[in-house]
2 protein chains.
Amino acid sequence: MATKSVKSTKSKSETKVCCGTARDIPLSESDAAGLALVFAALSDPVRLRLLSIISSAPDGEVCACDLVTPIGKSQPTVSHHLRILFEAGLVEREKRGVWVWYRAVPERLDAVASRLR
Amino acid sequence: MATKSVKSTKSKSETKVCCGTARDIPLSESDAAGLALVFAALSDPVRLRLLSIISSAPDGEVCACDLVTPIGKSQPTVSHHLRILFEAGLVEREKRGVWVWYRAVPERLDAVASRLR
DNA sequence: AAACGATATTGACAAACATCAATATGCTAA
DNA sequence: TTAGCATATTGATGTTTGTCAATATCGTTT
């Protein structure tokens with residue numbers, strides 16, 4: 001790293017000098033870890049498609065039994081991905097009888113989206 | 001999965017029946033894969049902090065040499081993470097002399113953010 | 001040219017992850 | 001209560017990922 005007190009060693013291609021000012025990091029370590037968890041939940045194609053199906057459901061909710069076939073993965077795999085979405089707060093679930101209904105949590109998506117700026 | 005043509009087998013706790021309508025998935029498989037790559041780039045705390053530092057730089061750019069110390073990881077590790085951010089289109093880089101300057105790509109962040117709804 | 005410094009790449013390794021078969025749990029219906 | 005179905009969990013396996021030491025690459029300076 002270049003030292004802080006470089007005076008004016010400009011070469012033809014540079015005007016500025018990197019200075020090593022230890023500015024504070026805007027995003028704290030624990031905030032970053034928390035945010036990273038949500039993005040990790042969104043970092044799998046299967047989960048994105050699940051979220052897509054759930055979010056665009058006419059009734060706002062989808063039965064888990066209707067998610068296995070269109071996704072094309074085994075039932076345990078789909079269940080696993082739904083759990084990760086749930087734990088990230090991206091969907092909520094409600095058991096009614098034998099079936100489990102999933103709904104998207106748009107406020108959560110908005111919250112994440114707004115932190116991208 | 002429940003069959004499609006269930007007529008009215010309501011039990012006390014349910015009004016609706018899951019129906020197995022094979023609706024189209026709004027998000028295509030390849031779109032999902034592409035989006036997942038960007039979210040994967042955002043799914044690491046170190047990369048989120050790098051992006052945070054770069055995005056909030058007064059000059060809009062930061063020298064790579066000023067990223068190693070505040071992140072607290074080895075130089076190869078930081079270089080590795082910067083590469084992933086770059087390949088995801090989240091930052092751009094410019095080599096000037098010995099140094100490499102990184103800038104955020106806000107349009108990219110906006111594009112990703114807007115797809116979260 | 002030779003030495004030095006900033007950045008990138010390689011190789012290795014442990015931890016995390018996606019996936020499925022098998023099994024467990026829990027609700028409903030006969 | 002027993003049978004059957006929807007969902008969740010467990011265990012195993014191959015793959016991906018984060019990390020660092022060592023090394024390579026490439027400007028710059030002497």
Side-chain angles (χ1 to χ4, degrees), chain A residues 1-3 6-14 16-20 32-33 36-37 39-50 62-69 71-88 91 93-102, chain B residues 1-3 6-14 16-20 32-33 36-37 39-50 62-69 71-88 91 93-102:
Chain A
M1 169 160 76
T3 46
V6 176
K7 294 206 172 158
S8 176
T9 47
K10 357 175 118 168
S11 67
K12 36 184 178 289
S13 55
E14 358 197 338
K16 210 172 6 176
V17 138
C18 64
C19 50
L37 280 182
F39 285 125
L42 294 167
S43 72
D44 183 278
V46 170
R47 290 195 288 271
L48 288 178
R49 302 183 85 210
L50 284 171
V62 179
C63 173
C65 66
D66 284 335
L67 292 171
V68 173
T69 303
I71 288 299
K73 302 280 176 179
S74 73
Q75 179 269 322
T77 296
V78 172
S79 179
H80 164 73
H81 286 303
L82 287 171
R83 166 202 261 266
I84 291 178
L85 288 175
F86 174 74
E87 287 174 345
V91 300
R93 61 183 170 197
E94 184 186 345
K95 182 162 194 176
R96 296 207 293 272
V98 204
W99 296 313
V100 177
W101 299 84
Y102 283 86
Chain B
M1 170 159 77
T3 48
V6 175
K7 295 205 172 158
S8 177
T9 47
K10 359 176 117 167
S11 69
K12 38 183 178 287
S13 56
E14 359 197 337
K16 210 173 6 176
V17 137
C18 63
C19 50
L37 280 182
F39 285 126
L42 293 167
S43 73
D44 183 276
V46 169
R47 290 195 288 270
L48 287 177
R49 301 183 85 210
L50 284 171
V62 179
C63 173
C65 67
D66 284 334
L67 292 171
V68 174
T69 303
I71 289 299
K73 302 279 177 180
S74 74
Q75 179 270 323
T77 295
V78 172
S79 179
H80 165 73
H81 287 303
L82 287 171
R83 166 202 260 265
I84 291 178
L85 289 174
F86 175 75
E87 286 174 346
V91 301
R93 61 183 169 197
E94 185 185 344
K95 181 161 193 176
R96 294 208 295 272
V98 205
W99 297 314
V100 178
W101 298 84
Y102 284 85

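Letters A, B, ... are given to chains in the order of the sequence lines, protein chains preceding strands, and every chain is numbered from 1. Worth saying up front: this structure is predicted, and the values here are computed from it rather than measured.
- In this structure the side chain of B:Asp44 never reaches within 4.5 angstrom of the side chain of A:Phe39, judged on heavy atoms.
- Considering every non-hydrogen atom in both B:Ala33 and A:Pro45, the closest pair reads CA-CG, 4.0 Å.
- Put simply, CG on B:Asp66 is 17 Å from P on C:dG5, counting in whole angstrom units.
- Nucleotide D:dA6 holds its P atom 12 Å from the NZ atom of A:Lys95, rounded to whole Å.
- Evaluation of the salt bridge (Lys or Arg N to Asp or Glu O under 4.0 Å) rule for B:Arg93 yields no partner, not counting sequence neighbours.
- Rounded to an integer number of Å, the gap from B:Arg83 CZ to D:dG18 C1' is 15 Å.
- Taking atom CZ on B:Arg93 and atom P on D:dC26, their separation rounds to 14 Å, with Å as the unit.
- Looking at heavy-atom distances under 4.0 Å, B:Phe86 makes no contact with the nucleic acid at all.
- If you take CZ of B:Phe39 and P of C:dC17, they are 18 Å apart, rounded to a whole angstrom.
- In terms of heavy atoms, A:Leu82 sits closest to A:Ala64 at CD1-CB, 4.3 Å.
- Here the P atom of nucleotide D:dA8 and the CG atom of A:Leu67 are 10 Å apart, to the nearest Å.
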When you compare the protein's N or O atoms with those of nucleotides 11-13 of chain D, which come within less than 3.5 Å of each other, and at what distance?
none

Pair up each side-chain donor or acceptor in residues 72-79 of chain B with any protein partner under 3.5 Å, not counting sequence neighbours, and list the distances.
unit_1: B:Ser74; atom_1: OG; unit_2: B:Thr77; atom_2: N; d: 3.3
unit_1: B:Ser74; atom_1: OG; unit_2: B:Thr77; atom_2: OG1; d: 2.9

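- Applying the salt bridge (Lys or Arg N to Asp or Glu O under 4.0 Å) test to B:Arg47 and every residue at least two apart in sequence or in another chain returns nothing.
- Protein atom CD of A:Glu87 is 12 Å distant from nucleotide atom C1' of D:dA8, rounded to whole Å.
- The minimum heavy-atom distance linking B:Ile71 with B:Leu67 is given by the pair CG1-O, 3.2 Å.
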- Item | Intermediate values then yes/no, side chain to side chain contact (heavy atoms under 4.5 Å, CB included), A:Tyr102 and A:Leu50 | CA-CA 10 Å; A:Tyr102 283 86; A:Leu50 284 171; over 6 Å; no
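- Protein atom CD of B:Glu94 is 13 Å distant from nucleotide atom P of C:dA8, rounded to whole Å.
- Using a 4.0 Å cut-off on heavy atoms, the residues of residues 72-81 of chain B that approach DNA chain D are B:Lys73, B:Ser74, B:Pro76, B:Thr77, B:His80, B:His81, listed by number.
- Residue A:Trp99 places its side chain closer to D:dA6 than to any other of C:dA8, C:dT19, D:dA6.
- Listed by chain and residue number, A:Ser43 satisfy the side-chain contact (heavy atoms from CB on, under 4.5 Å) test with B:Ala40 (two or more places apart in sequence, or in another chain).
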